[in-house]
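Notes follow once the structure below has been shown.
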Amino acid sequence: MQTQPISTEVHEQRKQYYQRIDAHNLTPLWEVLGALVPRSPTTPVAPALWRYAEIREHVMEAGRLITAAEAERRVLILENPALRGHSSITQSLYAGLQLILPGEVAPAHRHTQSALRLVLDGEGAYTAVDGERTTMHRGDFIITPSWTWHDHGNSGGQPVVWLDGLDIPTVRFFDSGFAEHGKDASQIPSRPEGDALARYGSNMLPVDFHQASWEPTKVFVYPFSQTRDALAGIARAAADPHLGYKLRYVNPATGASPMPTIGAFAQLLPAAFVTNPYRSTDGTVFTCLQGEGTVEIEGQLFEFTENDVFVVPSWHTYRLRALGETLLFSFSDRPMQQGLGLWREEKFN
Ligand code: 1HN
């Protein structure tokens, strides 16, 4: 950018010119070009952490103030501290903690926004997706792809809390949001529990089943037991210095992410493991399923333990440190960025 000094006369002429064109909704590019096309990402998103032990009681209090039916979804949104009022945890993604009490139903609806759930606390709830229920267990990764009917219920005896991740800011950006309410509060199951996982998620597929690369998977639950086994299985070999043992969830029919807008990952860090510094352009939401540790994000240190949620903004260098053996779940907009040719990462030593 040119930094030549200009006379006060020219400065004044330009200012008056900007005011004259302003009335026509015109503005000069040269005053904003540097900010529009930065040399590297300049995100407004702030690093942040939510300590589950500190916020759990606030989530439970919502259960005494409003029913799931009245709220439709009883959720406390995890708002990025630098994006308050935007219902966003990153520029493209939304996150929240949803509570469902014994006997409650969160009524059936569908929308073009894609959603994921990561079960954190309590047992006995279920989610139904397009006519099939799945009982939710801690650590299960459950998806409701765009325009799939979904409702939740709790037939157990404990409050159940899960982390919701949605592409709400992305759909808002595209102005492509549609939604519908179901005619019944709960879908009547049309398939037995476990059908989709057996049919589409057992290293086999129905013989005449084919999907385009952008289509979401029919596997709508990735049980934690399988994720844990896979991570334990790869942890017998050497760890990646930047990632530890990290796997991405996939649509087994295509190899792409389970849903086109959100990528999800599970990561095992052995006790005392410290990752080498790393950054990528996908701002990422993490939650700790097991263990405890610290994350250092551009010099800011956060301690995390089970069920804590933290966010690493785009292009922020971070380093994870595990105390005991630690298992992290994470999600980001990586598949969108990769599909558009925008995604970059950098590994430091
Ligand atoms: C939604 O449908 C759920 O189905 C949770 O559990 C959170 C936030 C915004 C819009 C729709 C759910 C949501 C949501």
Side-chain angles (χ1 to χ4, degrees), residues 50 55 58-59 62-63 66-80 83-122 124-138 140-156 159-187 189 216 220-222 258-262 264 285 287 309 311 329 331 333:
W50 290 262
I55 59 178
H58 296 302
V59 174
I66 190 165
T67 65
E70 187 186 356
E72 187 160 343
R73 296 295 186 267
R74 189 200 290 114
V75 179
L76 294 186
I77 303 173
L78 304 176
E79 279 202 316
N80 190 281
L83 304 173
R84 294 306 308 274
H86 294 273
S87 305
S88 301
I89 191 159
T90 67
Q91 296 267 65
S92 58
L93 296 170
Y94 156 109
L97 291 176
Q98 180 159 174
L99 169 67
I100 189 153
L101 296 174
E104 285 191 320
V105 164
H109 68 193
R110 62 177 177 174
H111 38 70
T112 50
Q113 290 83 359
S114 301
L116 66 81
R117 337 256 165 227
L118 200 279
V119 185
L120 294 180
D121 193 2
Y126 66 83
T127 284
V129 180
D130 269 355
E132 183 180 330
R133 281 189 182 181
T134 189
T135 305
M136 302 170 100
H137 305 103
R138 186 165 186 280
D140 286 355
F141 167 56
I142 295 163
I143 61 165
T144 59
S146 181
W147 211 240
T148 54
W149 290 106
H150 54 284
D151 57 84
H152 319 297
N154 186 341
S155 358
V160 174
V161 178
W162 62 77
L163 176 69
D164 282 319
L166 288 94
D167 56 7
I168 285 172
T170 299
V171 174
R172 183 168 59 199
F173 171 78
F174 286 119
D175 283 336
S176 51
F178 294 87
E180 260 179 22
H181 288 107
K183 52 181 192 324
D184 303 311
S186 302
Q187 299 174 69
F220 67 95
V221 54
Y222 297 75
M259 303 182 288
T261 52
I262 311 178
V285 181
T287 188
V309 178
V311 56
F329 168 85
F331 67 96
D333 62 14

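Order of appearance sets the numbers: ligands from 1, and atoms from 1 within every ligand. FYI, the numbering just counts along the sequence from 1.
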On a heavy-atom basis, I'd like to know which of Arg117, His152, His109 is closest to atom 2 (O) of ligand 1.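 Looking at heavy atoms only, the winner is His109.
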Trp147 vs Phe178 aromatic rings, parallel, tilted or perpendicular, using cut-offs 30° and 60°?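 Answer is perpendicular, since the angle exceeds 60°.
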Backbone or side chain, does any N or O of Asp164 fall under 3.5 Å from an N or O of ligand 1? no
Taking salt bridge (Lys or Arg N to Asp or Glu O under 4.0 Å) as the test, write out the residues that go with Asp164, two or more places apart. Arg117
Please give me the minimum heavy-atom distance between Arg110 and Thr148, naming the atom from each residue. CB-O, 3.4 Å
Over all atoms of both residues, closest heavy-atom pair of Arg133 and Ser186: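 Scanning both residues completely, I find the closest heavy atoms to be NH2-CB, 4.3 Å.
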Any heavy atom of His111 closer to ligand 1 than 4.0 angstrom?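 Distance cut 4.0 Å: His111 passes for ligand 1.
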Counting each atom of ligand 1 from 1 as listed, which ones have a heavy atom of His150 under 4.0 Å away?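 With His150 as reference, the close atoms of ligand 1 come out as 2 (O), 4 (O).
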Enumerate the atoms of ligand 1 whose separation from the nearest heavy atom of Gln98 is less than 4.0 angstrom.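 Selected atoms, number and element: 5 (C), 6 (O), 12 (C).
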Atom CD1 in Ile89, atom CZ in Phe331: separation rounded to 0.5 Å? 6.0 Å
Measure the distance from atom 10 (C) of ligand 1 to every protein heavy atom, then report the residue, atom name and distance (to 0.1 Å) of the closest one.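 For atom 10 (C) of ligand 1, the nearest protein heavy atom comes out as Ile168 CD1, 3.7 Å.
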Among protein heavy atoms, which lies nearest atom 4 (O) of ligand 1, and at what distance?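 For atom 4 (O) of ligand 1, the nearest protein heavy atom is Arg73 NE, 2.7 Å.
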Determine whether the side chain, the backbone, both or neither of Leu166 has a heavy atom under 4.0 Å from any heavy atom of ligand 1.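 Looking at Leu166 and ligand 1, just side chain atoms fall under 4.0 Å.
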Do Ser87 and Arg172 meet the criterion of a side-chain donor-acceptor pair at a distance under 3.5 Å?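 Judged by distance alone, the side chains do not pair up.
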